Amino acid sequence: MYKNLSKNYIFKFVAEEVKKYKEKTGKTPISLGIGDAMFPIPNTVKTAMENACLELNTVKGFRGYPSVEGCDFLIDKIINFYREKSVKLDKNEVFVSDGAKSDLQRLLLIFENGKKAVIPTPVYPVYEDLLKLYGFKYEYLYANESNCFLPTEIPKCDILFLCNPSNPTGATYSKKQLEKIIDTAIKNGTVILYDNAYSCFLKGNILETVYSIKNAKKCVIEINSFSKSCSFTGIRCGFTVIPKELKEYNERFKRVLSSVFNGVSYITQRGAEKIFSTEGKEFVKTSSKIILNNAKLIKNAVKSSGGVCFGGNSPYVFAKCPNGLTSKEFFNILLYEKGLVCTPGEGFSTGGENFVRFSAFLSENDCKTATQRLKEIYKKYKGN
Ligand code: PLP
């Protein structure tokens, strides 16, 4: 139901404010705003896409519509990726997509309209927009400083959205916390839509796939994306896993796809296949390391200047506005006093007010300048 949507999507607001700033000042600010990829795609992906294009230019190699569920060569690589994490999947449990956002939208079509959803908040604003558009009933699961932005008391519901690590807070559930959530979900018959778009940034003991948890296949649909891991924000490719334990939903999704989707282009899938090559894996590792290091520097800059912030396992730092400023007031201060762009927390459903999100998708050089400016602004506004 379009009429239920809020007037402005937060990233559109940010883009418009930046445009006004540029017109007024003639300067280009440093962006810690939108979480868009910044590294050029690796050569191996480029070459595979070029070759796929050349193949389509031949009589023998030409292909028309792709399979809606994805090409076997890519699905095999995805299955192998899970196998390396000791998770066994079959071909018909994996669906290649044109990105997590599109699949989240399509996934809602497998649930009846009267079903009740729960979304953590603050969170990626698309979840709430989709629920409004499709007319689902929903309630919030409040993430805040007192629960370290990781609520675990899940109310009875049919659909639970989880974003781990979270956009915008960067908070990441531990295995134990996820086990508790999964136990509750199984007890209540809840299906979890587990948005794993930032899993490539996870290191150490934190789970890269929720299916590492014993009973997760009974209640979790995992949604993944190559957008942030391999600079595919513009190319568009990802995948969703619906385990056979959720047979009914798996079958429904297949049926829905055949009505609302025509698959991902062959060229794109040949490119995505190479993300799993040695060169592709090295690219993911190196680029995510740089981004995580930027996030660490941003976090340190805020903290060392007396600010309060959260995050660390993802490209986002969620920082409290100093002096009780609203997120849009602080957004303006950062932009006009320091030439820095952030994303106001009020745009991430409810509960994000008085916070801003800093994105670490920026060059190391820009990050150096930005962190210096952040230190200055936090020192200036601290205690005023
Ligand atoms: N999920 C989350 C939590 C995101 O933050 C984003 C994009 O920022 C997406 C999904 C969209 O991913 P994709 O580019 O694969 O559509």
Side-chain angles (χ1 to χ4, degrees), residues 9-15 31-39 41 45 70 74 78 94-108 117 119-131 141 143 149-150 159-173 192-202 208-210 220-241 260-261 264-265 268-269 271-272 275 284 287-288 291 295 311 313-318 341-343 345 347-349 352 357-362:
Y9 187 55
I10 193 66
F11 298 107
K12 189 162 173 265
F13 162 84
V14 172
S31 179
L32 301 109
I34 195 163
D36 201 350
M38 57 184 223
F39 296 105
I41 53 168
V45 170
L74 179 54
I78 294 168
V94 178
F95 300 87
V96 174
S97 75
D98 54 347
K101 195 189 220 175
S102 323
D103 251 2
L104 284 163
Q105 182 195 342
R106 290 188 285 261
L107 280 165
L108 282 183
I119 49 168
T121 189
V123 83
Y124 182 48
V126 166
Y127 305 159
E128 186 165 8
D129 280 357
L130 290 177
L131 291 169
L141 180 63
F149 290 99
L150 294 167
I159 309 161
L160 169 68
F161 283 80
L162 280 189
C163 182
N164 197 47
S166 158
N167 173 13
T169 68
T172 310
Y173 284 109
I192 301 176
L193 297 180
Y194 187 86
D195 188 342
N196 214 13
Y198 295 96
S199 55
C200 66
F201 296 99
L202 295 174
E208 284 175 72
T209 164
V210 71
V220 185
I221 293 176
E222 186 166 281
I223 301 121
N224 220 317
S225 167
F226 301 122
S227 281
K228 318 287 167 152
S229 60
C230 201
S231 292
F232 264 51
T233 46
I235 300 173
R236 313 298 310 141
C237 196
F239 59 92
T240 287
V241 176
V260 301
F261 192 43
V264 177
S265 87
T268 297
Q269 294 192 64
I275 299 173
V284 175
S287 55
S288 52
I291 292 162
N313 292 310
S314 85
Y316 303 123
V317 174
F318 204 50
V341 182
C342 65
T343 307
F348 295 98
S349 295
R357 189 195 76 174
F358 296 123
S359 157
F361 286 97
L362 74 171

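Numbering of ligands and ligand atoms starts at 1, following listing order. Note that the structure is predicted; figures quoted are calculated from it, not measured.
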> Do any N or O atoms from the side chain of S102 and from the backbone of A100 form a donor-acceptor pair under 3.5 angstrom?
Replying inline: no

>> Would T233 count as a contact residue for ligand 1, given that I'm defining contact as a non-hydrogen atom of the residue lying under 4.0 Å from a ligand atom?
In response: no

> Under a heavy-atom criterion of less than 4.0 Å, does Y198 contact ligand 1?
Replying inline: yes

> Would you call V96 and I78 a side-chain contact if the rule is heavy atoms closer than 4.5 Å?
Replying inline: yes

>> Within the structure provided, determine whether P165 and L202 are in side-chain contact (heavy-atom separation under 4.5 Å).
In response: yes

> Thinking salt bridges, do K101 and D129 make one under a 4.0 Å N-O criterion?
Replying inline: no

> Short question: side chain of R357, backbone of G33 - any donor-acceptor pair under 3.5 Å?
Replying inline: yes

> Do side-chain atoms of E222 reach the backbone of N196 as a donor and acceptor pair under 3.5 angstrom?
Replying inline: no

>> Counting only nitrogen or oxygen atoms and a 3.5 angstrom limit, does Y124 reach ligand 1?
In response: no

> Atoms of ligand 1 less than 4.0 Å from G99 heavy atoms?
Replying inline: 15 (O), 16 (O)

> Side chain or backbone of F232 under 4.0 Å from ligand 1, or both, or neither, by non-hydrogen atoms?
Replying inline: neither

>> Only heavy atoms of S225, strictly under 4.0 Å: list the atoms of ligand 1 that pass.
In response: 13 (P), 15 (O)

> Does the ring center of Y124 lie less than 6.0 Å from the ring center of F161?
Replying inline: no

>> Heavy-atom contact check, 4.0 Å cutoff: does C163 meet ligand 1?
In response: yes

> ligand 1 and N167, any nitrogen or oxygen pair closer than 3.5 angstrom?
Replying inline: yes

> Does ligand 1 have a heavy atom under 4.0 Å from the side chain of A100, from its backbone, from both, or from neither?
Replying inline: both

> Is a donor on one side and an acceptor on the other found under 3.5 Å between the side chain of Q269 and the backbone of V264?
Replying inline: yes

> Considering only the protein, which heavy-atom contact is closest to atom 1 (N) of ligand 1, and what is its distance?
Replying inline: D195 OD2, 2.6 Å

> For atom 7 (C) of ligand 1, which candidate among K228, K101, R236 provides the closest heavy atom?
Replying inline: K228

>> Give me the residue, atom name and distance of the protein heavy atom closest to atom 14 (O) of ligand 1.
In response: S227 OG, 2.6 Å

